[in-house]
Amino acid sequence: MRRFTFGTLSLINLLIAAGPAFAAPPQTATLAVENMTCGTCPIVVKKALERVPGVSSTTVDFDKKTATVTFDPDKATSTKLTQATTEAGFPSKVIAKP
């Protein structure tokens with residue numbers, strides 16, 4: 001049976017505390033969204049994007065026909081974002097990404 005020493009426990013605690021530091025920083029992408037013709041459309045697009053795991057915020061601009069999405073790249077991808085809007089009836093494509 002292996003014994004843990006204080007040195008081992010300190011290393012384990014250090015690795016646990018540093019875990020979030022290894023996560024990728026959030027990314028923001030802007031999507032050009034098609035088929036938005038009324039005031040309800042941005043609400044549907046926003047809800048579709050918010051259902052994608054890893055999305056932390058979404059802003060939809062009806063006048064510009066765009067959606068700006070901030071997401072965790074470890075959980076979401078631009079492909080998943082465009083797929084979500086397309087499945088909701090609003091095809092989209094990425095027009096800006098850092």
Side-chain angles (χ1 to χ4, degrees):
M1 183 170 191
R2 184 177 174 145
R3 288 186 160 173
F4 286 102
T5 63
F6 287 113
T8 304
L9 290 177
S10 295
L11 178 60
I12 291 170
N13 288 335
L14 178 65
L15 290 173
I16 291 170
F22 294 118
Q27 289 185 356
T28 301
T30 302
L31 310 175
V33 184
E34 298 176 21
N35 299 343
M36 288 200 296
T37 58
C38 70
T40 305
C41 296
I43 296 168
V44 175
V45 171
K46 182 176 177 72
K47 288 186 181 220
L49 290 167
E50 288 175 341
R51 284 189 206 111
V52 177
V55 170
S56 56
S57 70
T58 304
T59 304
V60 180
D61 187 323
F62 176 71
D63 293 329
K64 293 181 182 177
K65 308 290 190 241
T66 61
T68 303
V69 187
T70 302
F71 61 97
D72 178 348
D74 291 334
K75 296 179 182 175
T77 63
S78 56
T79 301
K80 289 180 182 178
L81 300 175
T82 57
Q83 181 180 2
T85 64
T86 300
E87 288 175 1
F90 302 91
S92 65
K93 63 181 177 180
V94 176
I95 56 172
K97 188 175 172 184

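Index from 1, following the sequence. All values derive from a computational prediction rather than experimental measurement.
- For the residue pair A76 and P53, the shortest heavy atom distance occurs at CB-O, 3.4 Å.
- Across all non-hydrogen atoms, the minimal contact from T86 to S92 is OG1-N, 3.8 Å.
- How far OG1 of T59 is from NZ of K46: 5.5 Å, rounded to the nearest 0.5 Å.
- Each of T68, T66, T30, V33 was compared with D61 under the side-chain contact (heavy atoms from CB on, under 4.5 Å) criterion, and only T66 meets it.
- Atom-to-atom distance recorded for M36:CE and I43:CD1 is 11.5 Å, nearest 0.5 angstrom.
- The shortest heavy-atom contact between A67 and L49 is CB-CD1, 3.8 Å.
- The closest side-chain heavy-atom distance from L81 to V94 is not below 4.5 Å.
- Judged by the 6.0 Å and 45° rule, K65 forms a cation-pi pair with F62.
- Closest of all the heavy-atom pairs between V52 and A84 is CG2-CB, 3.6 Å.
- Nearest heavy atoms, G39 versus P42: O-CD, 3.4 Å.
- Of the candidates V60, N35, L31, N35 is the only one forming a side-chain contact (heavy atoms from CB on, under 4.5 Å) with F90.
- Rounding to the nearest 0.5 angstrom, the gap separating the OG1 atom in T85 from the CD atom in E34 is 9.0 Å.
- The two atoms that bring A24 and P73 nearest to each other are CB-CG, 3.7 Å, heavy atoms only.
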